[in-house]
K.L.:
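My questions will all concern the structure given below.
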Amino acid sequence: MSEKKQEFSIQDYLNKNKEYFEHLLFELLRFPSVSAVPEHHQDCCRTAEWLERYFQKMGLSTKLIETDAHPLIYAETPVLEGAPTVMIYGHYDVQPTDPISEWETEPFLPTVRDGYVYARGASDDKGPLLSHILAVEYWMKSSQKLNLNWKFFIEGDEECGNGGTQNFVSQNSDLLACDYIVLSDSPQFAPGQPAITCGLRGNVYYQLDLTGANQDLHSGMFGGAITNPCNALTKILSKIQDENGQITVPEFYDDVQRITPERREQLEMLPFEEDEFYASVGVKEGFGETGFSVLERRWLRPSFDIHGLTGGYQGEGGKTVLPARASAKFSFRLVPDQDPQKITRSLNAFLQENCPPGIQMKLTSFGEGAGGLFIDTSSTCMQAAVRALEFGFGRSPFFICEGGSIPIISTFAQSLTPNIIMIGLSQSSDHAHGPNEHFSLTDFHRGIKTSMMLWRELASLS
């Protein structure tokens, strides 16, 4: 089949199946697969089983792999000897829906408004993942067979950091062996402006628990004589970052890569306005490490953020209590070459040094953490992705970095292949992890179209 006829066939297939694709997306979004909440364990299992059944319907062999948390899904097409192999990665689990009162519609009742589907997981990551699944299905149905093997590796614990997925990858490199890895768990640069992510920050996440007296005390009787865990917590946390946005933990910056003039020039060429960025989230200005631009702070420099504080009385009115306990959840975003375990050791020593008398401290690390990653943009597979996005979106993509973390990616690069293609289909404005998460149905269909062409482009490299 000629190239033009094949491209017409792709568009004709998309037009005929538009409503069916959206029906499948809505069906997948109805599963409340919240991995962090034990009450949703069975919902996660049912989501995995739904995907397993769909893969079997497509003609793939499948394995549902039990873990300490939620099942992993492995599926593969019949093996073509000598053909390159591409593995598609994604996750079916989603974030909790809190605060539920801020949702305009039910989080697990997909609702379409103004061309967007609103539901938890729509943008992160069920919509983008399904785009790739449906694109593989097209080629499996097509009379023109591609010289390509497909594998799927889909986890249910990406959003909670449990389940041992990274260990599974390290210990099963033969099963997961591949030439390319494709995923869409990162955003476009702007609406209608596609992007390929070539860099990720890593992440290490903690909970700090402080305990003082053996029970809550009357602040009038004991205040000023007994150390208040809430006071201690705020003082300790305030010491982690100075007024210039610099993290003060010893050795923290020892391994941070310098931003090269070439990379800085690439960022300056992007059509990005800092004022518009701030306005998009409802603030007039921001805060960050002195001497760096907003994009450099978001993509190329490490950062520190507190995610939750707990302690003392939270009800209505006043209660003059000196609380017995206080805790905080916080994390560091890391850049390439920073070692999460080294950061943890330095942090623990720093906190112990700054813990006031009368307080017992416990630092808990959630998982081992993940380092940052940069990917070579000059490889042939990256250029194949450029051509696929030009076909799917009608314009050339930007190469961008991403401030968020996809912890499994560094493990993929170490254990499987450096040829990792991260195609952005969602938008940073989709409210992923927040109330009213949504995903553009136009981008959903563009994603399927892009993925269809990507498989053809990768097959041609062989």
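Note that the structure is predicted; figures quoted are calculated from it, not measured.
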K.L.:
For a quick test of reading the model, state the closest non-hydrogen atom pair linking Cys160 to Asp93 and the distance between them.
P.N.:
N-OD2, 4.1 Å
K.L.:
Is it true that the side chains of Gln427 and His438 contain a donor and an acceptor less than 3.5 Å apart?
P.N.:
no
K.L.:
Any chance you could lay out the side chain to side chain contact (heavy atoms under 4.5 Å, CB included) test for Leu183 and Ile420, step after step, and finish with the verdict?
P.N.:
CA-CA 8 Å; Leu183 64 146; Ile420 299 171; 3.9 Å; yes
K.L.:
Could you check whether any side-chain heavy atom of Leu24 comes within less than 4.5 Å of a side-chain heavy atom of Leu134, counting everything from C-beta outward?
P.N.:
yes
K.L.:
Would you check if there is a donor-acceptor pair between the side chains of Glu137 and Tyr54 at a distance under 3.5 Å?
P.N.:
yes
K.L.:
Closer than 3.5 angstrom, by distance alone: can the side chain of Thr417 be matched with the main-chain N or O of Ala413 as a donor-acceptor pair?
P.N.:
no
K.L.:
Has the side chain of Ser238 got a donor or acceptor atom that lies under 3.5 Å from a matching backbone atom of Lys235?
P.N.:
yes
K.L.:
Under 3.5 Å, is there a donor-acceptor pair between the side chain of Asp98 and the main chain of Ile100?
P.N.:
no
K.L.:
Kindly say whether the aromatic ring centers of Phe330 and His307 come within a distance under 6.0 Å.
P.N.:
no
K.L.:
Where do His41 and Ala69 come nearest, in terms of heavy atoms and distance?
P.N.:
CE1-O, 3.1 Å
K.L.:
Phe444 and Phe21: aromatic ring centres closer than 6.0 Å?
P.N.:
no
K.L.:
Kindly give the heavy-atom pair with the smallest separation between Leu267 and Glu296, and that separation in Å.
P.N.:
CD1-CG, 3.7 Å
K.L.:
Any sub-3.5 Å donor-acceptor pair from Gln188's side-chain atoms to Leu425's backbone N or O?
P.N.:
yes
K.L.:
Step through the shown structure and confirm whether more than 12 heavy atoms of other residues, nucleotides or ligands are within 6.0 Å of CG on Asp305.
P.N.:
yes
K.L.:
Among side-chain atoms of Thr165 and Glu155, is any donor-acceptor pair under 3.5 angstrom?
P.N.:
yes
K.L.:
Decide whether Gln193 and Arg395 meet the rule of one side-chain donor and one side-chain acceptor closer than 3.5 Å.
P.N.:
yes
K.L.:
Among side-chain atoms of Glu289 and Gln246, is any donor-acceptor pair under 3.5 angstrom?
P.N.:
yes
K.L.:
For Tyr89, which of Phe412, Phe152, Trp150 qualifies under ring pair (Phe, Tyr, Trp, His ring centres under 6.0 Å)?
P.N.:
Phe412
K.L.:
Quick check: do Leu14 and Ile448 have side-chain heavy atoms less than 4.5 Å from each other?
P.N.:
yes
K.L.:
Quick one: closest heavy-atom pair of Cys401 and Trp299, and the distance?
P.N.:
O-CE2, 3.0 Å
K.L.:
Taking only Lys NZ, Arg NE, NH1 and NH2, and the carboxylate oxygens of Asp or Glu, determine whether Glu268 and Arg264 approach each other closer than 4.0 Å.
P.N.:
no
K.L.:
Are Val283 and Glu285 packed together at the side-chain level, in the sense that at least one heavy-atom pair is separated by less than 4.5 angstrom?
P.N.:
no
K.L.:
Once rounded to the nearest 0.5 Å, what's the spacing between atom OG1 of Thr380 and atom CG of Leu458?
P.N.:
8.5 Å
K.L.:
Apply side chain to side chain contact (heavy atoms under 4.5 Å, CB included) to Glu437 and Trp103, showing your working.
P.N.:
CA-CA 9 Å; Glu437 179 179 350; Trp103 284 80; 4.1 Å; yes
K.L.:
Looking only at heavy atoms, what is the nearest atom pair of Leu270 and Ile400, with distance?
P.N.:
CD1-CG2, 4.5 Å
K.L.:
Can Ser35 and Glu159 be counted as having a side-chain donor-acceptor contact under 3.5 angstrom?
P.N.:
no
K.L.:
Please check: side-chain N/O of Thr227 versus main-chain N/O of Pro357, any donor-acceptor pairing under 3.5 Å?
P.N.:
yes
K.L.:
Hydrogens and angles aside, do Ser184 and His132 bring a side-chain donor and acceptor to less than 3.5 Å of each other?
P.N.:
yes
K.L.:
Would Tyr206 and Phe366 count as a ring pair (Phe, Tyr, Trp, His ring centres under 6.0 Å) if you check the C-alpha gap in whole Å, the side-chain angles of each, and the deciding distance to 0.1 Å?
P.N.:
CA-CA 6 Å; Tyr206 304 99; Phe366 291 91; 8.6 Å; no
K.L.:
Check the side chains of Tyr253 and Gln338 for a donor-acceptor pair under 3.5 angstrom, ignoring hydrogens and angles.
P.N.:
no
K.L.:
Flag the pair Phe350 / Phe252 as yes when their ring centroid distance falls below 6.0 Å, and as no otherwise.
P.N.:
no
K.L.:
Counting the benzene-type ring for Trp, do Phe108 and Phe31 have ring centres under 6.0 Å apart?
P.N.:
no
K.L.:
Do Ile196 and Met382 touch side chain to side chain, with heavy atoms closer than 4.5 Å?
P.N.:
yes
K.L.:
Test your reading of the model: is there a side-chain donor-acceptor pair from Glu22 to the backbone of His445, 3.5 Å cut-off?
P.N.:
no
K.L.:
In terms of side-chain heavy atoms, does Asn436 have a donor or acceptor partner in Glu102 at a distance below 3.5 Å?
P.N.:
no
K.L.:
Cation-pi check, Lys151 to Tyr74: give yes when NZ or CZ is under 6.0 Å from the six-membered ring centre and within 45° of the ring axis, no otherwise.
P.N.:
no
K.L.:
Would you say the rings of Tyr92 and His70 are close, in the sense that their centroids are separated by under 6.0 Å?
P.N.:
no
K.L.:
Is there side-chain contact between Gln241 and Thr248, with at least one heavy-atom pair below 4.5 Å?
P.N.:
no
K.L.:
Take atom CD in Gln360; do more than 12 heavy atoms of anything else shown fall under 6.0 Å from it?
P.N.:
no
K.L.:
Do the side chains of Leu25 and Pro110 get nearer than 4.5 Å, heavy atoms only?
P.N.:
no
K.L.:
Backbone N or O of Leu109 within a donor-acceptor pair of the Arg30 side chain at under 3.5 Å?
P.N.:
no
K.L.:
Dump the intermediate steps for side chain to side chain contact (heavy atoms under 4.5 Å, CB included) on Ile154 and Leu72, then the final yes or no.
P.N.:
CA-CA 6 Å; Ile154 304 172; Leu72 295 167; over 6 Å; no
K.L.:
In sequence, state the C-alpha distance, the side-chain angles, and the governing distance for Trp455 and Ile88, and then conclude on side chain to side chain contact (heavy atoms under 4.5 Å, CB included).
P.N.:
CA-CA 11 Å; Trp455 308 144; Ile88 297 102; 3.7 Å; yes
K.L.:
Is the closest side-chain donor-acceptor distance between Asn167 and Gln171 under 3.5 Å?
P.N.:
no
K.L.:
Given side chains that start at C-beta, do those of Phe292 and Val294 come closer than 4.5 Å, heavy atoms only?
P.N.:
no
K.L.:
Hey, are Lys342 and Asp255 close enough for a salt bridge, meaning a charged N less than 4.0 Å from a carboxylate O?
P.N.:
yes
K.L.:
Cation-pi check for Phe374 against Arg263: NZ or CZ below 6.0 Å from the six-membered ring centre and within 45 degrees of the axis, yes or no?
P.N.:
yes
K.L.:
In the structure I gave you, are the side-chain heavy atoms of Tyr205 and Lys329 within less than 4.5 Å of one another anywhere?
P.N.:
yes
K.L.:
Decide whether Ser303 and Arg298 meet the rule of one side-chain donor and one side-chain acceptor closer than 3.5 Å.
P.N.:
no
K.L.:
Just by distance, with hydrogens left out, do Trp50 and Glu27 show a side-chain donor and acceptor under 3.5 Å apart?
P.N.:
yes
K.L.:
Examine the side chains of Asp124 and His91 and answer whether a donor and an acceptor come within less than 3.5 Å of each other.
P.N.:
yes
K.L.:
List the atom of Ala385, the atom of Ile421, and the distance in Å for their closest heavy-atom pair.
P.N.:
CB-CG2, 3.6 Å
K.L.:
Please check if the side chain of Asp242 supplies one atom and the backbone of Asn244 the other of a donor-acceptor pair under 3.5 Å.
P.N.:
yes
K.L.:
Between Ser346 and Glu251, does a side-chain hydrogen bond (donor to acceptor under 3.5 Å, both in side chains) hold up when you go through it step by step?
P.N.:
CA-CA 7 Å; Ser346 297; Glu251 303 179 331; 3.0 Å; yes
K.L.:
Using a distance-only test with no angle check, is there a side-chain donor-acceptor pair under 3.5 angstrom linking Lys126 and Ser33?
P.N.:
yes
K.L.:
Side chains of Glu402 and Thr197: any donor to acceptor distance under 3.5 Å?
P.N.:
no
